[in-house]
Amino acid sequence: MPNALSNQLLSWYADHGRSLPWRERPEPYAVWISEIMAQQTRLETVLPYYRRWMTLFPDIATLAAASQQDVLNAWEGLGYYSRARNLHKAAGIVVREHGGQLPADPTRLQSLPGIGRYTAGAVASIAFGRDEPVVDGNVKRVYARLFLVEEPINTPQGEQAIWSLAAAHLPAGQAGNFNQALMDLGALVCLPKQPDCPACPLNAICLAAQQGKTGAYPRKKPRPEVPHYTVTAAVIRDQHGQVLLTQRPENVLLGGLWEFPGGKQEAGETLKSCLKREIREELACTIDVHEALGIFRHAYTHFKVTLHAFHARLATERFELLYHQAARWVPPELLDEYPMGKIDRMIARQLQDNTG
DNA sequence: TATTCGTGGGA
DNA sequence: TTCCCAAGAAT
C-alpha cells in the first residue's frame, strides 16, 4: 500500500537517487553481483570492482566456467572472500539446476550460497519487481530513528523489529525503488554521525529528529575488544630465486588465497623459533631463518596483527602440505597472478621492489 | 545465538 | 592514532 512515508521517499528518490551502473537496466545478474559486492562495503569501493568484474565475467555462464583463481584475483582487495567463492559456486548451481537463469523467488534465491535474507529480498525486488522488503545497515538506521526502535540493532530482536517495520511500510508494486530509496537515504542523508535532517524527506515524521535524539539511535550493543597478535611469515627462496607460496584452505580466514607461510607467536617464543615451529607444523620441514624483510601491521575486523617477515631457505630436501591446499615455487615477477590478502600483498610488493 | 569472516575511508 | 562502520552470510 502506498503511504505517506513511501510517497515522500519515492519522490525524494526520483530527484536525489544515485545513478549506478546496475540501475540503468536492472538485470538479475548485474543486480546480484552488485548486491554481493556491496555487502559490508561502501559503493565507492565497489564501483571499480564491479566494472572490472562485468568485463571479465559478463554473464552467469562465463562466471561458472571461470577458475576460482581468476575469480579470487578479480575480488582481491574487496575482503570477505567467501563472497567470491560462494558467488562462483552459486553460478555453477544456477547453470546446472536453474537453466542458467537466476530464480525470481526469494526462497529459491536464498537457497543459493552467499544469498541471505537481505540479498534475496534485494534481487527479488530490484531485478524481478517482487514485493519484498530489505534490511541492511542503512535501513536499520533509518527505521530505528523514524520510530525510536529501542532494541539494539545488532541483536536478533532488533533486527526482527526492523524487518517488521520494513515489511509494514513496503508500497506494493514499487518495492525495488522503495528499497533502494531507503538505502540511498541512509547513505546520503540519514548518516551515522551527522545526519542532514533538514534535507530529509521524512523529517516531519521522524521521531528521533523531532525529539533531537538522532545521536542516540540506532541503539547498539557494544562489541568486545579485539586481540592483537604477533605473527611471523617466511619468504623461502630456492636456488633459482623463486619464492614458496602456499594456498590457504577453503572456509578459513582468507580461504583460497595464497600466502607466505607462517603463523602466530606463542608465549615464550622468539620470532625465529616461532617461524621455525610454524613451518615445521604446516610443511613438515625445517628452515634456516635469515635476515628480517620487514614489519607489517594490519587490522582485521576481530583482531589486529603485527607481522614479522623473514628471508629463509629450506634446510631439508622436501616438504609436505599439512595445512595448505597447495604450494607453488613462484618467480617474484609472477606474484601478481596469485590472489592474496592485504598483508601478504604488501610483502609481495616489497619483494618485487627489492628484486628489481 | 554468538562468532567469524576484510578492507578502506572518514571523523 | 584509534575507532567506527559500510547494500550481511554462514556456521
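Here is the naming used below: chain letters follow the sequence lines, and residue numbers restart at 1 for every chain.
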**Phosphate-side-chain proximity, A:Lys304 and C:dC3, N/O vs OP1/OP2 below 4.0 Å** = yes
**Asked** Is it true that A:Arg248 and A:Asp344 make a salt bridge, defined as a side-chain N closer than 4.0 Å to a carboxylate O?
**Response** no
**Request:** In whole angstrom, give the distance that lies between atom CD of A:Glu35 and atom C1' of C:dA9.
**Result:** 14 Å
**Request:** Give a yes/no answer on whether the side chain of A:Tyr81 brings an N or O atom under 4.0 Å of OP1 or OP2 in B:dT7.
**Result:** yes
**Asked** Which part of the nucleic acid, if any, lies within contact of A:Leu20, taking any heavy atom under 4.0 Å across all strands shown: a base, the sugar-phosphate backbone alone, or nothing?
**Response** base
**Prompt:** If you check every side-chain atom of A:Lys342, which of C:dA9, C:dC4, B:dT7 has the closest atom?
**Reply:** B:dT7
**Asked** Does A:Thr119 or A:Arg141 map to a spot on DNA chain C nearer the 5' end, using the closest nucleotide for each?
**Response** A:Arg141
**Request:** Could you tell me whether A:Arg219 and A:Glu151 have a side-chain N and a carboxylate O separated by less than 4.0 Å?
**Result:** no
**Message:** Within the 4.0 Å heavy-atom criterion, would you say A:Asn154 contacts the bases, only the backbone, or no part of the nucleic acid?
**Reply:** nothing
**Request:** Remember a base hit wins even if backbone is also touched, and classify A:Gly186 as base, sugar-phosphate or nothing at under 4.0 Å, heavy atoms.
**Result:** nothing
**Fill in**
By nearest-heavy-atom nucleotide on DNA chain C, the more 5' of A:Leu112 and A:Asn138 is A:Asn138
**Request:** Please work out if A:Thr301 contacts a base, only the sugar-phosphate, or nothing of the nucleic acid, heavy-atom cut-off 4.0 Å.
**Result:** base
**Message:** At less than 3.5 Å, do the side-chain atoms of A:Tyr80 and the base atoms of B:dG6 form a donor-acceptor pair?
**Reply:** yes
**Asked** 5'-most contact on DNA chain B: A:Gln194 or A:Thr155, nearest heavy atom basis?
**Response** A:Thr155
**Message:** Taking A:Lys264 first and then A:Glu278, would you say they form a salt bridge - that is, a charged N and a carboxylate O separated by under 4.0 Å?
**Reply:** no
**Message:** For A:Ser273, give me all partners under side chain to side chain donor-acceptor pair (under 3.5 Å), at least two apart in sequence or on another chain.
**Reply:** A:Thr270
**Request:** Can you measure from CG (A:Leu102) to CG (A:Leu112) and round to the nearest 0.5 angstrom?
**Result:** 6.5 Å
**Prompt:** In whole Å, what is the span from the NZ atom of A:Lys89 to the P atom of C:dA10?
**Reply:** 10 Å
**Request:** Give a yes or no on whether a donor-acceptor pair under 3.5 Å exists between the nucleobase atoms of B:dG9, that is its base, and the side chain of A:Thr45.
**Result:** no
**Request:** Give A:Arg248 one of three labels, base, sugar-phosphate or nothing, depending on what nucleic acid heavy atoms sit under 4.0 Å from its own.
**Result:** nothing
**Asked** Could you state the CZ-P distance from A:Phe296 to B:dT7, rounded to the nearest angstrom?
**Response** 15 Å
**Asked** Across the strands shown, which category fits A:Trp22 at heavy-atom distances under 4.0 angstrom: base, sugar-phosphate, nothing?
**Response** base
**Asked** A:Phe303 CZ to B:dT3 C1': how many Å, rounded?
**Response** 13 Å
**Asked** Are any of A:Gln39's side-chain N or O atoms less than 4.0 Å away from OP1 or OP2 of C:dA7?
**Response** no
**Item:** Atom pair distance, as rounded to whole Å: CD1 in A:Ile153 and P in C:dG8
**Value:** 11 Å
**Asked** With a 4.0 Å cut-off on heavy atoms, is A:Ile115 in touch with a base, just the backbone sugar-phosphate, or nothing at all?
**Response** sugar-phosphate
**Complete:** Checking B:dC5, B:dG9, B:dT7 against the side chain of A:His302 (C-beta onward), the nearest is B:dC5
**Prompt:** Is the closest basic N to carboxylate O distance between A:Glu76 and A:Lys342 below 4.0 Å?
**Reply:** no
**Request:** Measure from the side-chain heavy atoms of A:Lys220 and tell me the nearest of C:dA7, C:dC5, B:dG6.
**Result:** C:dC5
**Rounded distance (Å) that lies between atom C1' of B:dT4 and atom CZ of A:Arg85** = 12 Å
**Request:** Decide if the gap between the ring center of A:His169 and the ring center of A:Phe147 is smaller than 6.0 angstrom.
**Result:** yes
**Fill in**
Taken to the nearest whole Å, OH/A:Tyr300 to P/B:dT7 is 6 Å
**Message:** What's A:Leu43 touching, base or sugar-phosphate or nothing? Going by heavy atoms closer than 4.0 Å.
**Reply:** base
**Request:** Provide, to the nearest angstrom, the distance between the CD1 atom belonging to A:Ile36 and the C1' atom belonging to C:dA10.
**Result:** 12 Å
**Prompt:** Counting side-chain heavy atoms from C-beta on, which of C:dA10, B:dG6, C:dA7 comes nearest to A:Leu253?
**Reply:** B:dG6
**Request:** Identify which nucleotide among B:dG6, C:dA10, B:dG8 has an atom closest to any side-chain atom of A:Asn86, counting heavy atoms from C-beta outward.
**Result:** C:dA10
